[in-house]
Amino acid sequence: MKNLVRYIVTRTLLTIPMVLILLSIVFVVLRVMPGDPVSSMLGGHAPERVIEQKKEELGLNRPLAVQYVDYLWQVARLDLGDSMVFQQGVTDAIIEKMPATIELTFFAMIITLVVGVFLGAYAADHRREFRDSMIRLYGIVIYCIPVYWLGLMLQLIFGIWLDIFPIAGRTGSRILSSTFEQSGFYVIDTLRAGNYAAFGDVMHHLVLPAFTLGLTLSGIFVRLTRANMLDVLKADYIVAAEARGITHTKIVYRHALKNAMIPILTMMGLQVALLMAGAILTETTFSWPGMGRLLLERIYLRDYPTIQGVIIVYALFVAMVSLVVDIIYAMVDPRIRY
Amino acid sequence: MNYSPARALARIFAPAARMGKKYGVEWWILCAGACIIAAILFMALFPGTLAPFNPHQQDTGPQLASPGGAHLMGTDNLKRDVWSRIVYGSRTILGVSVLAALLSSLVGITLGLLSGYSGGILDRILSLIMDSVYVFPGLILAIAFAAMFGPGIINITLAVAVIYIPTYFRLVRGQTLAIKQELYVEAARAIGASGTTILWKYIFPNVIATTVVVFTLNVADAIMIEAALTYLGLGLPPSIVDWGMDLAMGKKYLPSGQWWLITFPGMMISLLALGFTMLGEGLAEILNPRLLER
């Protein structure tokens, strides 16, 4: 137990250099690299005087070291500055868009887990059979289908041809989000407001985006679950359970799967990066008003403070997830200590 | 024994079939992947033989014509031939993704070798930086780079290349650390071989085998990232023919049911990525069955 505490403390401290490095990379990419935010923002033909004035205003004329320290101090206060284009703080803009992204990724993750883990376990149970090969093929092929194309095809099939699911946005035009919106998590907000029609509509809009993102990532989990299950199914306690006369289904999906889940859950942490990247593309395809779309809209508008802010939030999030995953892993597996 | 074309064909493919018996399904996966890549490579090298129209030529037929007749994959809103654009577009995506993977492997392998071999403070710092970049979502990094660099073939190649450097670095550094302890390296050192000789002649040949597998899988990933960037409207000027940009353009016509504008470019991106993934998976199983499980 004392060892575990020491591990957690050390691991948390080690997150600091990681965050610093990530923040520095963002700084280097957005401020030091060639490409001048101010002149491109002003259209490239602005007179020198105007550009200089704007630079002075934004503090871009100060030495890089001063800018860097100032930038870190900004992040530490969680004040990400003001948008160059709109009269809005960057932090506010991000907070406004974040629930949509979290809602999408949460449901996508559930679909990934259910589809990936079940198919993987099923394939392992029927190892070297035709079904196994088909599931493995599914795993490889779905991994190679770009998430945005899968989204477009699902939109085409289920949205246009069959016309059973909406293809854009979080709510239909007849549902006013202002009647229930509180936290921004529409699934929770509609339920709390007791507006079940709106809840149904929100869920209806979630189906295609969540399946798009979820199915894309399920390939990795198929492979992972299958590999882990194959190892577990060889273990002595499985043979023992078999000998005790427990039904085969129960052994595979309850005993074995439970043991195979540990590495799978930690893999989930590593997939968060893929999930967020996929979310950006899914949001663009489905006009989903989340952080990814915010980032891209502001890139087109060349709103550098917002671009920087969104990327910082992603960086902080990644660092936090990797910390949490490592701690969970250490709790589960006592061999992992510093 | 008299000559027959069937027998001659059988003899040509006999070695492939023997390999198939030896390695089983993995060999056929590898072959299928290689065939897909070869077909698309042919497209990229000799587009003139396959494409009936110039990819930029407008007024090749009716506007938004559905597939069939003179237009194998239909036409777009500017009356351009979709199939011709697919054929010429293969050059962009193949060029960018292979070049990007080459670039990042060059940088990643070099840094990994140096870092693993020299150890010390350089190794610590490089590892920390590479680990941080590694956990960061590659696409977001590429988006940031592409947004800063502005559109252009070289720029998008660099943006894609940057995100794979840590993959090679981590792989090569780890192996270098292990190989450094081997007896034959110690023997080389004992007979007075210089650091460069040891790195280049003793360690490098031993790490290169696994990087081949990672390279093919990286190209597959780079293909999807390249297409993602251009789909998002970043990375390339509109004058270049590219599958991702065609997909983004076709997206506007999805609600009105012009399915061919999105189906074919997306299918080609998936197919190309699948080709490299299958090649990589096959190679991995045959060269080193445990590599991908780690």
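Proteins come first, then strands; the chains are lettered A, B, ... in the order of their sequence lines, and each starts at number 1.
Taking both residues in full, the closest heavy atoms of A/Met153 and B/Ile262 are given as SD-CD1, 4.1 Å, listed atom of the first, atom of the second, then distance. When all heavy atoms are compared, the tightest approach of A/Val318 to B/Val135 is CG1-O, 3.3 Å. Residues B/Pro137 and A/Met276 approach most closely at CG-CE, 3.6 Å, considering heavy atoms. Scanning all heavy atoms of the two residues, the minimum distance from A/Ala273 to B/Phe136 falls at CB-C, 4.5 Å. For A/Tyr143 against B/Met224, the heavy-atom pair with the smallest separation is O-CE, 3.6 Å. Between A/Thr284 and B/Lys251 the shortest heavy-atom distance is O-NZ, 3.0 Å.
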Inset, instruction - List the steps, then state whether side chain to side chain contact (heavy atoms under 4.5 Å, CB included) holds for B/Leu141 with A/Ile25. - result: CA-CA 9 Å; B/Leu141 203 61; A/Ile25 291 170; 4.2 Å; yes

Inset, instruction - Output, in order, the C-alpha distance, side-chain angles, deciding distance and verdict of side chain to side chain contact (heavy atoms under 4.5 Å, CB included) for A/Leu296 and B/Leu234. - result: CA-CA 9 Å; A/Leu296 282 160; B/Leu234 301 163; 4.0 Å; yes

Legend entry - From CA spacing to verdict: side chain to side chain contact (heavy atoms under 4.5 Å, CB included), A/Arg136, B/Glu281: CA-CA 12 Å; A/Arg136 287 177 75 188; B/Glu281 298 274 334; over 6 Å; no

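The aromatic rings of A/Trp161 and B/Trp259 lie perpendicular to each other, with more than 60° between the two planes, well past the 30° mark.
With a 4.5 angstrom heavy-atom cutoff, B/Ile225 does not touch chain A via any of its atoms. At a 4.5 Å heavy-atom cutoff, B/Ser256 makes no contact with chain A through either its backbone or its side chain. Proximity to chain B involves both the backbone and the side chain of A/Thr285, based on heavy atoms less than 4.5 angstrom apart. Interface residue A/Ile160: only side-chain heavy atoms are found under 4.5 Å from chain B. Of the two parts of B/Ala220, neither the backbone nor the side chain holds a non-hydrogen atom closer than 4.5 Å to a non-hydrogen atom of chain A. Looking at A/Leu137, there are no atoms closer than 4.5 Å to chain B (heavy atoms on both sides), in backbone or side chain.
Here the straight-line distance linking atom SG of A/Cys144 with atom CG of B/Leu271 works out to 9.5 Å at 0.5 Å rounding. Summarising the geometry, atom CD1 belonging to B/Ile140 is positioned 4.0 Å from atom CD1 belonging to A/Ile280; distances are rounded to the nearest 0.5 Å. With rounding to the nearest 0.5 Å, the separation of CG in A/Leu274 from CG in B/Asp221 is 7.5 Å. For the atom pair B/Leu254 CG and A/Ile167 CD1, the distance stands at 5.5 Å (nearest 0.5 Å).
Each of B/Thr277, B/Thr263, B/Ile269 has some count of heavy-atom pairs under 4.5 Å with chain A, and the biggest count is that of B/Thr263. Per-residue counts of heavy-atom pairs under 4.5 Å with chain B were compared for A/Val321, A/Ile145, A/Leu295; the largest is that of A/Ile145. Options B/Gly244, B/Pro255, B/Gly150, B/Ala142 differ in how many heavy-atom pairs under 4.5 Å they form with chain A, and the most are formed by B/Pro255. Highest contact tally toward chain A, considering only B/Gly250, B/Ala228, B/Ala273, is held by B/Ala228 [criterion: heavy-atom pairs under 4.5 Å].
Taking a 6.0 Å sphere around CG of A/Leu13, one finds it holds more than 12 heavy atoms contributed by other residues, nucleotides or ligands. A 6.0 Å sphere centred on CG of A/Leu162 holds more than 12 heavy atoms belonging to other residues, nucleotides or ligands.
Side-chain contact check for A/Tyr148 versus B/Leu247: some heavy-atom pair is nearer than 4.5 Å.
When the heavy atoms of residues 306-315 of chain A are compared with those of chain B, the residues falling under 4.5 Å are A/Ile311, A/Tyr314, A/Ala315, listed by number.
Each of A/Leu22, A/Val19, A/Leu23 was compared with B/Ser132 under the side chain to side chain contact (heavy atoms under 4.5 Å, CB included) criterion, and only A/Leu22 meets it.
A search for side chain to side chain donor-acceptor pair (under 3.5 Å) contacts involving A/Tyr138 returns A/Ser218, not counting sequence neighbours.
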